[in-house]
Amino acid sequence: MKTTGIVRRIDDLGRIVIPKEIRRTLHIRDGDSLEIFTDREGSVVFKKYSPVRELSPFAGQYSEVLSRAASLPILICDRDCVVAVSGLSYDDYIDRKVNSSLDNAMQNCNNFFLQQSDAPSFQTVEGIESKALAVAPISLSGSEAVGCVVAIAQEANSVINETQVHLINMVAEILARQIKG
(Lines give C-alpha, C1' and ligand atoms only; values in the text may rest on other atoms or scores of the structure.)
Protein backbone atom coordinates (compact mmCIF):
# COMPACT_ATOMS: atom_id res chain seq x y z
CA MET A 1 0.00 0.00 0.00
CA LYS A 2 1.19 3.51 -0.79
CA THR A 3 1.15 6.08 2.01
CA THR A 4 -0.19 9.56 1.26
CA GLY A 5 0.78 11.30 4.50
CA ILE A 6 -2.78 12.58 4.84
CA VAL A 7 -4.52 12.10 8.20
CA ARG A 8 -8.23 12.71 8.73
CA ARG A 9 -10.44 12.51 11.84
CA ILE A 10 -13.73 10.62 11.96
CA ASP A 11 -16.63 12.89 12.94
CA ASP A 12 -19.30 12.09 15.53
CA LEU A 13 -21.44 10.38 12.84
CA GLY A 14 -18.58 8.06 11.79
CA ARG A 15 -17.82 9.94 8.57
CA ILE A 16 -14.44 10.66 7.08
CA VAL A 17 -13.66 13.02 4.21
CA ILE A 18 -11.65 11.60 1.32
CA PRO A 19 -9.38 14.45 0.22
CA LYS A 20 -10.17 16.16 -3.06
CA GLU A 21 -6.73 15.30 -4.52
CA ILE A 22 -7.33 11.57 -3.96
CA ARG A 23 -10.89 11.73 -5.33
CA ARG A 24 -9.62 13.55 -8.43
CA THR A 25 -6.71 11.12 -8.95
CA LEU A 26 -8.96 8.06 -8.59
CA HIS A 27 -11.88 9.62 -10.53
CA ILE A 28 -14.24 9.31 -7.55
CA ARG A 29 -17.27 11.53 -8.14
CA ASP A 30 -20.18 12.60 -5.96
CA GLY A 31 -22.59 9.71 -5.68
CA ASP A 32 -20.03 6.99 -6.54
CA SER A 33 -20.21 3.84 -4.42
CA LEU A 34 -17.18 2.51 -2.58
CA GLU A 35 -16.63 -1.05 -1.37
CA ILE A 36 -15.04 -1.41 2.05
CA PHE A 37 -12.50 -4.14 2.79
CA THR A 38 -10.66 -4.96 6.00
CA ASP A 39 -7.74 -7.25 6.77
CA ARG A 40 -6.39 -8.97 9.88
CA GLU A 41 -3.86 -6.22 10.53
CA GLY A 42 -6.64 -3.65 10.95
CA SER A 43 -6.32 -1.94 7.60
CA VAL A 44 -9.44 -0.53 5.99
CA VAL A 45 -9.38 -0.25 2.19
CA PHE A 46 -11.94 1.62 0.12
CA LYS A 47 -12.29 0.51 -3.49
CA LYS A 48 -14.43 2.19 -6.10
CA TYR A 49 -17.40 -0.10 -6.78
CA SER A 50 -18.31 -0.84 -10.39
CA PRO A 51 -21.53 -2.74 -11.08
CA VAL A 52 -20.42 -3.19 -14.70
CA ARG A 53 -17.14 -4.80 -13.59
CA GLU A 54 -19.16 -7.17 -11.39
CA LEU A 55 -20.85 -8.34 -14.59
CA SER A 56 -17.59 -8.68 -16.57
CA PRO A 57 -18.02 -12.43 -17.28
CA PHE A 58 -21.49 -11.72 -18.75
CA ALA A 59 -20.27 -8.51 -20.39
CA GLY A 60 -17.54 -10.50 -22.13
CA GLN A 61 -20.10 -12.94 -23.50
CA TYR A 62 -22.44 -10.14 -24.61
CA SER A 63 -19.58 -8.29 -26.31
CA GLU A 64 -18.58 -11.45 -28.22
CA VAL A 65 -22.12 -12.11 -29.44
CA LEU A 66 -22.66 -8.44 -30.31
CA SER A 67 -19.33 -8.25 -32.15
CA ARG A 68 -20.28 -11.25 -34.29
CA ALA A 69 -23.87 -10.12 -34.91
CA ALA A 70 -22.95 -6.51 -35.76
CA SER A 71 -19.63 -7.37 -37.47
CA LEU A 72 -17.93 -4.68 -35.38
CA PRO A 73 -15.29 -4.57 -32.66
CA ILE A 74 -16.97 -3.95 -29.30
CA LEU A 75 -15.85 -2.52 -25.96
CA ILE A 76 -17.88 -2.58 -22.78
CA CYS A 77 -16.72 0.02 -20.27
CA ASP A 78 -17.56 1.09 -16.76
CA ARG A 79 -17.14 4.77 -15.86
CA ASP A 80 -13.37 4.38 -15.63
CA CYS A 81 -12.02 1.66 -17.91
CA VAL A 82 -12.67 -1.13 -20.40
CA VAL A 83 -14.09 -4.30 -18.78
CA ALA A 84 -14.83 -6.43 -21.88
CA VAL A 85 -13.38 -6.55 -25.42
CA SER A 86 -14.34 -8.43 -28.59
CA GLY A 87 -12.99 -8.14 -32.11
CA LEU A 88 -9.86 -6.29 -30.92
CA SER A 89 -6.69 -7.24 -29.07
CA TYR A 90 -7.80 -8.14 -25.55
CA ASP A 91 -4.44 -7.25 -23.98
CA ASP A 92 -4.33 -3.85 -25.71
CA TYR A 93 -7.76 -2.72 -24.50
CA ILE A 94 -8.72 -4.48 -21.25
CA ASP A 95 -8.45 -2.22 -18.19
CA ARG A 96 -7.50 0.82 -20.34
CA LYS A 97 -8.82 4.13 -19.00
CA VAL A 98 -11.68 5.65 -20.97
CA ASN A 99 -10.96 8.90 -22.78
CA SER A 100 -12.45 12.12 -21.40
CA SER A 101 -14.84 12.47 -24.38
CA LEU A 102 -16.21 8.96 -23.75
CA ASP A 103 -16.49 9.76 -20.05
CA ASN A 104 -18.44 12.94 -20.90
CA ALA A 105 -20.83 10.96 -23.13
CA MET A 106 -21.49 8.57 -20.23
CA GLN A 107 -21.77 11.37 -17.70
CA ASN A 108 -24.37 13.13 -19.85
CA CYS A 109 -26.03 9.78 -20.66
CA ASN A 110 -25.70 10.58 -24.39
CA ASN A 111 -26.05 8.04 -27.18
CA PHE A 112 -23.66 8.62 -30.07
CA PHE A 113 -23.93 7.08 -33.52
CA LEU A 114 -21.64 7.99 -36.44
CA GLN A 115 -23.85 7.86 -39.52
CA GLN A 116 -21.75 9.98 -41.90
CA SER A 117 -18.10 9.20 -42.55
CA ASP A 118 -17.11 12.89 -42.39
CA ALA A 119 -18.97 13.58 -39.14
CA PRO A 120 -16.85 14.30 -36.06
CA SER A 121 -16.07 11.35 -33.82
CA PHE A 122 -13.98 10.86 -30.72
CA GLN A 123 -11.36 8.58 -29.27
CA THR A 124 -12.50 5.92 -26.86
CA VAL A 125 -9.61 4.93 -24.62
CA GLU A 126 -6.37 6.58 -23.57
CA GLY A 127 -3.24 5.63 -25.47
CA ILE A 128 -4.86 3.92 -28.46
CA GLU A 129 -6.06 5.48 -31.69
CA SER A 130 -9.55 4.06 -32.01
CA LYS A 131 -12.60 5.90 -33.28
CA ALA A 132 -16.05 5.37 -31.77
CA LEU A 133 -18.78 4.50 -34.25
CA ALA A 134 -21.40 4.18 -31.55
CA VAL A 135 -21.75 4.68 -27.80
CA ALA A 136 -24.79 3.41 -25.91
CA PRO A 137 -24.81 4.23 -22.18
CA ILE A 138 -25.63 1.51 -19.66
CA SER A 139 -28.14 3.54 -17.73
CA LEU A 140 -29.87 2.60 -14.47
CA SER A 141 -32.17 5.61 -14.71
CA GLY A 142 -32.68 8.27 -17.31
CA SER A 143 -29.76 10.34 -16.03
CA GLU A 144 -27.31 7.90 -14.42
CA ALA A 145 -24.96 5.90 -16.64
CA VAL A 146 -22.71 3.33 -14.97
CA GLY A 147 -20.93 2.37 -18.18
CA CYS A 148 -21.39 2.04 -21.91
CA VAL A 149 -21.23 -0.24 -24.94
CA VAL A 150 -18.93 1.09 -27.66
CA ALA A 151 -18.59 0.02 -31.29
CA ILE A 152 -15.18 0.77 -32.79
CA ALA A 153 -14.54 1.77 -36.40
CA GLN A 154 -12.53 -0.76 -38.37
CA GLU A 155 -11.68 1.69 -41.16
CA ALA A 156 -11.24 5.47 -41.29
CA ASN A 157 -14.47 6.07 -43.26
CA SER A 158 -16.68 3.57 -41.38
CA VAL A 159 -20.26 4.39 -40.48
CA ILE A 160 -22.87 2.47 -38.55
CA ASN A 161 -26.20 1.21 -39.83
CA GLU A 162 -29.60 1.10 -38.14
CA THR A 163 -29.47 -2.64 -37.36
CA GLN A 164 -26.09 -2.25 -35.66
CA VAL A 165 -27.45 0.69 -33.64
CA HIS A 166 -30.39 -1.42 -32.42
CA LEU A 167 -28.09 -4.30 -31.45
CA ILE A 168 -25.78 -2.00 -29.47
CA ASN A 169 -28.69 -0.33 -27.68
CA MET A 170 -30.18 -3.76 -26.89
CA VAL A 171 -26.97 -5.00 -25.24
CA ALA A 172 -26.69 -1.78 -23.20
CA GLU A 173 -30.29 -2.26 -22.03
CA ILE A 174 -29.73 -5.95 -21.17
CA LEU A 175 -26.65 -5.07 -19.09
CA ALA A 176 -28.59 -2.30 -17.31
CA ARG A 177 -31.36 -4.77 -16.45
CA GLN A 178 -28.78 -7.31 -15.19
CA ILE A 179 -27.37 -4.66 -12.85
CA LYS A 180 -30.80 -3.61 -11.61
CA GLY A 181 -31.53 -7.24 -10.79
Side-chain angles (χ1 to χ4, degrees), residues 1-63 74-86 88-112 122-128 130 132 135-150 152 168-169 171-181:
M1 233 182 300
K2 182 178 171 184
T3 184
T4 63
I6 300 170
V7 176
R8 294 284 194 240
R9 290 191 182 274
I10 296 176
D11 72 8
D12 58 341
L13 295 175
R15 297 176 296 197
I16 188 168
V17 174
I18 300 171
K20 189 177 199 172
E21 301 81 29
I22 293 175
R23 291 189 317 244
R24 187 179 306 128
T25 301
L26 299 177
H27 304 286
I28 297 172
R29 301 168 190 90
D30 290 349
D32 282 352
S33 297
L34 300 175
E35 271 185 291
I36 303 169
F37 300 90
T38 60
D39 66 16
R40 293 176 191 243
E41 290 83 41
S43 294
V44 178
V45 176
F46 293 92
K47 183 179 176 189
K48 192 171 177 182
Y49 176 73
S50 169
V52 176
R53 185 168 290 283
E54 293 290 316
L55 288 179
S56 62
F58 294 113
Q61 293 171 355
Y62 286 125
S63 70
I74 299 295
L75 305 176
I76 296 179
C77 306
D78 65 10
R79 289 295 305 269
D80 295 315
C81 62
V82 177
V83 299
V85 181
S86 290
L88 297 164
S89 170
Y90 181 86
D91 291 335
D92 288 345
Y93 281 87
I94 200 70
D95 291 328
R96 281 261 185 192
K97 295 276 184 207
V98 300
N99 193 302
S100 59
S101 51
L102 183 57
D103 182 53
N104 288 337
M106 285 188 278
Q107 188 171 350
N108 297 324
C109 219
N110 290 339
N111 283 34
F112 169 83
F122 55 82
Q123 297 299 313
T124 54
V125 295
E126 293 180 0
I128 296 179
S130 59
V135 176
I138 301 168
S139 179
L140 303 184
S141 65
S143 61
E144 179 190 355
V146 295
C148 64
V149 178
V150 182
I152 302 295
I168 292 161
N169 279 326
V171 168
E173 179 65 26
I174 289 169
L175 289 169
R177 288 180 186 216
Q178 289 283 327
I179 292 168
K180 289 178 190 175

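Keep in mind the model is a prediction, meaning the values are calculated, not measured.
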#### Entry: Lys20, NZ atom: more than 12 neighbouring heavy atoms under 6.0 Å
no
Reported [atom1]-to-[atom2] distance for the pair [X] and [Y], which is rounded to 0.5 angstrom:
X: Met106; Y: Ser139; atom1: CE; atom2: OG; result: 12.0 Å
X: Leu34; Y: Lys48; atom1: CG; atom2: NZ; result: 8.5 Å
X: Ile76; Y: Leu55; atom1: CD1; atom2: CG; result: 9.5 Å
X: Phe112; Y: Ser101; atom1: CZ; atom2: OG; result: 9.0 Å
X: Asp103; Y: Asp80; atom1: CG; atom2: CG; result: 7.5 Å

Taking the side chain as C-beta and beyond, is there a heavy-atom pair between [X] and [Y] under 4.5 Å?
X: Val45; Y: Thr38; result: no
X: Ile74; Y: Ile152; result: no
X: Tyr93; Y: Val125; result: yes
X: Leu102; Y: Lys97; result: no
X: Val146; Y: Leu175; result: no

### Task
For Glu173, check side-chain hydrogen bond (donor to acceptor under 3.5 Å, both in side chains) against everything at least two apart and list the hits.
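Expected list: Arg177.
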